[in-house]
Amino acid sequence: MLKFLAKFGKLDRRIVFALLLVSILVPLLFNIKPRFYVDSATKGIYDYVDQIKPNGRPLLVSFDYDPQVAAELDPMARAVLRHCFARGVKVVGMSLAPQGDAIGEGIITQVAREYDKKLGRDYCYFGFRPGGTIIMLQLGVNVKKALPLDYYQTPYDSLPMMKNIHNYDDIAMVLSLAGSTYPVSWMIFAGTKFGVKIGAGQTAVMAPDNYPFLQTKQFIGQLGGMKGGAEYEQLIVDAGYYNTPDVASKAMGAIAYSHLLIILLIILGNIGYFISKKIEQKK
Amino acid sequence: MSTNIWVWIAALLSLAIFSYLYKDNPAFKFAEHLFTGLSVGYFIVLYWNNYTLPYIVTPLKNHQWITLIPMAIGMMYLFRFIPKLNHLILIPIAVSLGFWNGMSIPVTFEADVLKQIQGTMINTSMLSNIWDPQKGLMVGLLVMVGVISTITYFYFSREHKGPLKVTANIGIWFVMIGFGATFGYTVMARVSLLIARMQFLFTDWIHLIK
Amino acid sequence: MRLKIYALLLAMAAALPCLAAPPGPEATMAAVTVAPPSDIKAADTPNDAGNAITVTWQASPDEAQKLIEGYEVLRSETPDGEFIKVGYVPYGFTSFDDQDVPANSQDYFYQVKAVGRESQALSLVSVSARSVEQWFNTMRINALISCILFTMIVMIFIGRAKSGQSLFIRRIAGLSEVEEAVGRATEMGRPILYVPGLSGISDVATIAALNILGQVAKKTAEYGTPLLVPNRDPVVFTVAQEIVKEAYNEIGRPDAYNHDSVFYLTDSQMGFASGVDGIMTREKPATNFFMGMFWAESLILAETGAATGAIQIAGTDSISQLPFFITACDYTLIGEELYAASAYLSREPMLLGTLKGQDWSKAVIVMLLIVGLAISLISPGVRQIILQMLKVG
Amino acid sequence: MKRQIPLIIVLTLGIFFFIQFFVPSQISTNIYQTTLQWTIVISAFAIVLAIGSLVNHHMLKIKRRKPHWWNSIVTLVALVVMALLGIFGRVKGLEPLGNLFHTLFLYVQAPMDSAMFAILAFYMASAAYRAFRARSQEAALLLISGFIVMLGVIPFGSMLWSKIPDIAEWIMMVPNMAAKRGILFGIGLGMTATSLKIILGIERSWLGGGGK
């Protein structure tokens, strides 16, 4: 018996891999959804977006992420855009990540269609702008310089909603969605330098880094990973801005069970470890 | 089953990558090399469209000859191939080093040091509600202890013994708690990505998930 | 200023419900003409390149009755000349930055028009204002002072180091193992893998990583151990190649330097990870160094390395990735330790001097925190003063 | 001399752009903007070296018939094809090439990218299983906080005990944040010092030879 338990101390990594796969596939295939609760960082963004004046200063959404993290960030992007469009808040979209270019276009047009919003009047999309921090800084000096042409090669001046938008003072908030440190750069180069409100949408891995900045209010809020997305979906559904929960909420089932598995593995691992230590001591 | 050949290619390549989890194998080797090649090709295109064209070709077309200066500096990279002038490669390097280091000093100092000192200071609202688990005075003090002890861990120019040893250890405890939390919090992110791949394989490729 | 506006914004948010309320007595009042905003002030916008004038005013008294929709800001070159509209702000705001005025050129006069539902009301003309470019951003005075202080502290200790004063540095786990790690690789006849992070040269962490690479390369040159340095950033790649080559020259083994040992892999993060995975499983390096800036790929690299049984020494200032290096690597340099590494390895007095300077600055910070704590417990007033001192633009 | 010029450049540029941060005036902002653009132009040339090194690296493998040399052919072919498709795909009349470029990206490169990233989930599990052992005081703390947070993000946590999510968030917000802030201070100072050392020419390993 003890010897058997001791084995759990040293499972082959491949077995661990296999178990994880099962723990994810089963809930996905049988579609199990749990309930979850909203944390304050998510609420921070939601509440701020919820008080932006309709048809007032636009929200700048920067799709600073690559396909590999799209799974986590797409849902939150959709949720926030739905929130804005449902409330009649204008949106300016752009991307600092080369591969974010197409991602942003896909999402923003899809959601805009849901609420039949007009390009150029209710929202704009400028696509990928090379230079990262360079662009963040230019936006503070001259938005038109930083975004001369939109994604569809329309010149800045022929976009009705962009007139009277000169710099960060004319933007309600910058929401940077990224799997990297882009939001922090936004915070430093746009927030610290020009004093615009910054919101972060981060992969769950990056999110914890930003707690210091959340507490100092350098970020007004943050959406962390699939959970953040799911929470925002829940919020807009509860508020009646959107009808049904989306992909993020679905994925939470698989997430729950895989976590459970890892927790069990850790427990078993420690049991095994201590038993084998005892056995050695006997010898 | 999908009838789109491209979906099949995507699926098989994904599996080739996953196969590495079992062990290194020809399929993975192929995928890996294909991946490297394609991604470099892709980035050549990106650099071409987003750097070379707008920042070099267009200005020159518009007779903005000033662009020749950075070009000349950039060219010096290519002296790598001329042994006699090899050392000139240090000049473009020096330019980027000088620029980035210069501008990073005040910005870093402001964001990583000053702002953080402000954030660590006890604020008056804390005095009103002492035991609040989020922003009470006690929490403020705890954060203060954590921050200070962590800082002492990074004290290099003195042997960690005596009181310094104690504080440094407390610091490490905070650090470990922090890291554990981050790790635990991150599992979700990674699993989410795997879920997305599974959704692709079992929705777009083999239609199993509705 | 901005704070004030924000406060007003919040006030508006709070006021929104009454907006929604059914038309009460106000509705009838709406017929009467609204009162204009009062006390119009125009002045150069501070701390800018001098192409803006800030106009401020006292809100029209009718705003309270929700009769005002917003304010039009008008500009003229003469007090009695023709005023043209230069901007509009919704009610709740009492200031506007006129962004398109030439710097240091001429005086302008402003009027603010309160726009009501049915009527409008024009204010008196402001005193003249001229936009001037500033040569110092007063919001940043604190940053400047603290940077200078820090530089001075560092300089003092560099000076001391120059004068030959010996400086102690505590043992840093991971760096003290570099020597033996290289030795081990040599005995096993296996190469050493050094990844200088995935970020560009603009990242100070990368620069630190390159400094360490210089030291490691010298050791591999001495032992004649093959070195593999895959790169993701083109500029970093060229620098890394220089550093390694020079290190071999300095040790006097230019013959041992293999031009192909420092190479560019790909710019794609995951492409890079898969490539390095391949190298680790096929070349079987005895020691892996992961130094500099890393993102998600950190655990991919570290776990593969752990599976191949290599000794792994990591170091990064990316707080989000440290946990993974800690769990999967034998030694991990945490944050500042990465920046201390090149001093630690080279033992160059001047580098050690800067390290001493950093330590003293840390001491200052700790002092500041403790004093700040003590004071804010005694009197919040003084605390405000301290926060002012720390205020940043 | 060979070393002096770069050092002077670093010193002057470094000091200039340090000061620039504090000077909002017209010309200072203009100079700033131009230099930003220049750095882009300059780095564009390093890319030539990088690509050169990559091609050379694989050419050698093929020439010397190193093990798995045929894979190098795959890399080179993929590189050339992708680059040509992308660049000529923009030319009028050659749009089909452009479309193929996008298809290759979407169905060949992107999937491998995401798959590679998804592998992380498995590594998280194995790493947690291997490293989360109460071997020492520190390891135990790592284990416990990780454990609680993992419980906190999933509903089972609150089923077990309604307080767990709050505790998890508290760990993230209080001790975790304290530690990160402490580390941040160190990083801030370390970065600034490193930048200083480079600007003042104390740290010269980038010049090679550690400045000697």
Side-chain angles (χ1 to χ4, degrees), chain C residues 47-50 103 133-137 140 144 150-151 154 158 204 207-208 210-211 214 231 234-235 237-239 242-243 245-247 249-250 260 263-265 268 270-271 273-274 296 299-300 303 317 319 324 327-328 334-336 338-340 342 346 348 350-351 354 357-358 361-362 365, chain D residues 18 21-26 28-29 39 43 46-54 56-57 60 67-68 109 112-114 116-117 119-120 123-124 126-128 130-132 142 146 180 183-187 189-198 200 202-203 205-212:
Chain C
N47 304 321
D48 71 347
E133 63 176 328
Q134 277 73 32
W135 287 91
F136 182 71
N137 183 340
R140 301 219 166 116
L144 180 60
F150 176 70
T151 314
V154 170
I158 293 175
V204 187
I207 296 166
L210 289 168
N211 295 337
N231 287 275
V235 178
F237 154 74
T238 44
V239 183
E242 274 314 289
I243 287 178
K245 191 159 111 251
E246 286 301 326
N249 288 339
E250 196 193 343
D260 199 34
F263 52 95
Y264 171 82
L265 205 47
S268 138
M270 285 300 138
S274 68
L299 188 64
I300 298 185
E303 268 295 284
D317 70 347
I319 302 181
F324 308 114
T327 45
I334 301 169
E336 195 180 2
L338 173 73
Y339 294 104
S342 91
S346 70
E348 264 191 52
M350 284 164 85
L351 297 184
T354 46
Q358 280 158 255
S361 316
K362 269 170 255 166
I365 291 174
Chain D
F18 171 80
F21 180 78
F22 303 96
V23 181
S25 80
Q26 205 89 55
S28 127
T29 12
T39 48
S43 56
I47 293 157
V48 179
L49 287 190
I51 309 297
S53 125
L54 181 78
N56 177 43
H57 182 78
L60 280 176
H68 329 297
Q109 186 180 332
M112 287 194 280
D113 212 307
S114 333
M116 200 62 210
F117 216 126
I119 279 190
L120 264 174
Y123 285 160
M124 293 293 286
S126 59
R130 215 181 55 250
F132 281 25
L142 188 82
K180 293 207 161 129
I183 299 175
L184 263 182
F185 278 121
I187 292 173
L189 296 176
M191 276 186 160
T192 318
T194 309
S195 296
L196 268 176
K197 284 185 281 186
I198 297 277
L200 301 177
I202 296 166
E203 177 64 79
S205 39
W206 63 279
L207 288 164
K212 279 170 213 72

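Proteins get letters first, then strands, A, B, ... in listed order; numbering begins at 1 in each. Fair warning: this is a prediction, and the values are worked out from it, not measured in the lab.
Ranked by heavy-atom pairs shorter than 4.5 Å toward chain D, the options C/Asn231, C/Thr354, C/Val239 are led by C/Thr354. Looking only at heavy-atom pairs under 4.5 Å with chain D, the residue among C/Ile300, C/Thr238, C/Ile334 that has the most is C/Ile300. In terms of heavy-atom pairs under 4.5 Å with chain D, the best-connected choice from C/Thr327, C/Ile158, C/Val235, C/Asp260 is C/Asp260.
Taking every heavy atom of both residues into account, D/Ser53 and C/Phe237 meet most closely at CB-CZ, 3.2 Å. For the residue pair C/Trp135 and D/Pro24, the shortest heavy atom distance occurs at C-CD, 3.9 Å. Minimum heavy-atom separation, C/Ala328 to D/Arg130: CA-NH2, 3.8 Å. Residues C/Arg140 and D/Phe21 approach most closely at NH1-O, 2.6 Å, considering heavy atoms.
Residues satisfying the side-chain hydrogen bond (donor to acceptor under 3.5 Å, both in side chains) test with C/Asn249, not counting sequence neighbours, are none. C/Tyr339 pairs by the side-chain hydrogen bond (donor to acceptor under 3.5 Å, both in side chains) definition with C/Asp317, not counting sequence neighbours.
Looking at D/Phe132, only its side chain comes within 4.5 Å of chain C, counting heavy atoms on both sides.
Put simply, the side chain of D/Thr194 reaches to within 4.5 Å of the side chain of C/Asn211, judged on heavy atoms.
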Residues D/Leu189, C/Ile365; criterion side-chain contact (heavy atoms from CB on, under 4.5 Å); working and verdict: CA-CA 11 Å; D/Leu189 296 176; C/Ile365 291 174; 4.1 Å; yes
